[in-house]
Amino acid sequence: MSGTPTAVVVAAALTHEGTLLLAQRTRPPELAGLWELPGGKVEPGESEDSALARELREELGVECSIGAALSGDVDLAGGLVLRAYRATLVSGTPAALEHSALRWVDAAMLPTMDLVDADRLWLPELLDILLTS
Ligand code: 523
């Protein structure tokens with residue numbers, strides 16, 4: 001059966017010294033002010049890894065190494081599917097180039113953050129990553 005291919009949105013669980021980087025969205029209005037794992041849409045012809053590395057370069061100004069996927073995908077509106085990957089910094093210091101703020105959160109702070117709904121799927125796995133890193 002043919003049809004429109006599913007578009008994938010990739011997001012990064014970027015960790016550093018027991019903390020996870022969250023980014024505060026500026027748009028759309030219903031998501032503005034909420035915190036997310038940074039990332040964005042995979043473009044046609046791009047691999048998910050290189051799309052995520054590109055998004056982190058564009059949004060944060062850093063070079064990252066992309067690792068394993070977290071468990072499970074999230075179906076988003078508009079036929080998009082959201083997938084998250086582990087990531088670590090290779091060079092640079094993240095800056096909020098396209099977000100209103102960035103915050104490195106530890107396992108105690110993560111559950112208190114106002115996350116976008118879709119990213120909540122990974123809360124248990126993210127806590128586990130932070131507590132065992
Ligand atoms: N999410 C989401 N969580 C999350 C990301 C990176 C994205 O729920 N961690 C959702 C938000 C949007 C959709 O995925 O509904 C696309 O993300 P967006 O807008 O960050 O992707 P862009 O910037 O590549 O898309 P354009 O707006 O088309 O430029």
Side-chain angles (χ1 to χ4, degrees):
M1 200 171 80
S2 68
T4 309
T6 306
V8 178
V9 180
V10 285
L14 174 57
T15 54
H16 181 68
E17 295 180 349
T19 61
L20 171 76
L21 189 74
L22 293 180
Q24 190 173 37
R25 288 193 66 99
T26 60
R27 65 183 170 85
E30 59 272 23
L31 297 182
L34 299 179
W35 296 84
E36 70 172 4
L37 302 178
K41 289 180 188 141
V42 179
E43 290 175 0
E46 224 180 8
S47 70
E48 293 181 14
D49 284 24
S50 49
L52 187 51
R54 172 186 53 73
E55 289 286 350
L56 297 177
R57 195 177 301 125
E58 290 172 0
E59 295 184 351
L60 308 173
V62 292
E63 292 301 321
C64 290
S65 166
I66 309 302
L70 303 195
S71 299
D73 291 342
V74 181
D75 289 322
L76 300 173
L80 295 172
V81 64
L82 177 67
R83 192 165 291 156
Y85 287 87
R86 301 283 305 265
T88 52
L89 281 173
V90 172
S91 64
T93 301
L97 303 179
E98 296 184 3
H99 289 89
S100 48
L102 302 179
R103 193 173 294 176
W104 290 101
V105 299
D106 63 14
M109 196 179 298
L110 178 57
T112 72
M113 299 296 290
D114 215 353
L115 296 180
V116 298
D117 274 347
D119 294 30
R120 292 188 174 276
L121 169 72
W122 295 299
L123 251 183
E125 188 171 353
L126 292 169
L127 285 171
D128 194 52
I129 289 167
L130 292 177
L131 290 169
T132 56
S133 62

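On a predicted model such as this, the values are computed, not experimentally measured, just so you know.
Between Pro38 and Glu59, the shortest heavy-atom contact is CB-OE1, 3.6 Å. Listed here is the closest heavy atom pair of Leu82 and Ala11: CD1-CB, 4.1 Å.
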Let me check something: any side-chain donor-acceptor pairs from residues 60-78 under 3.5 Å, sequence neighbours excluded? List them with distances.
unit_1, atom_1, unit_2, atom_2, d
Glu63, OE1, Arg57, NE, 3.4
Glu63, OE1, Arg57, NH2, 3.3
Glu63, OE2, Arg57, NE, 2.7
Asp73, OD1, Arg83, NE, 3.0
Asp73, OD2, Arg83, NE, 3.3
Asp73, OD2, Arg83, NH2, 2.8

Would you give me the side-chain donor-acceptor pairs under 3.5 Å for residues 23-33, sequence neighbours excluded?
unit_1, atom_1, unit_2, atom_2, d
Gln24, OE1, Ser100, OG, 3.2
Gln24, NE2, Gly33, O, 3.0
Arg25, NE, Arg27, O, 2.8
Arg25, NH1, Glu36, OE1, 2.7
Arg25, NH2, Arg27, O, 2.9

Report, one line per pair, each donor and acceptor closer than 3.5 Å where one atom sits in a side chain of residues 110-119; sequence neighbours left out.
unit_1, atom_1, unit_2, atom_2, d
Thr112, OG1, Met109, O, 2.6
Asp119, OD2, Leu37, N, 2.8

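Applying the ring-ring contact (aromatic ring centres under 6.0 Å, His included) definition to pairs two or more places apart or across chains, those involving residues 14-47 are His16-Trp104. Under the salt bridge (charged side-chain N to carboxylate O under 4.0 Å, His left out) criterion, no residue pair touches residues 85-103, with sequence neighbours excluded. Among residues at least two apart or in separate chains, there is no salt bridge (charged side-chain N to carboxylate O under 4.0 Å, His left out) pair with a member in residues 123-133. Counting only residues at least two apart or in different chains, ring-ring contact (aromatic ring centres under 6.0 Å, His included) contacts with residues 45-101 are absent.
Rounding to the nearest 0.5 angstrom, the gap separating the CG atom in Leu121 from the CG atom in Leu126 is 9.0 Å. With values rounded to the nearest 0.5 angstrom, Leu89 atom CG is found 4.5 Å from Leu14 atom CG.
Under the side-chain hydrogen bond (donor to acceptor under 3.5 Å, both in side chains) criterion, Thr88 pairs with no residue at all, not counting sequence neighbours. Among residues two or more places apart in sequence or in another chain, the side-chain hydrogen bond (donor to acceptor under 3.5 Å, both in side chains) test is passed with Glu46 by Arg54.
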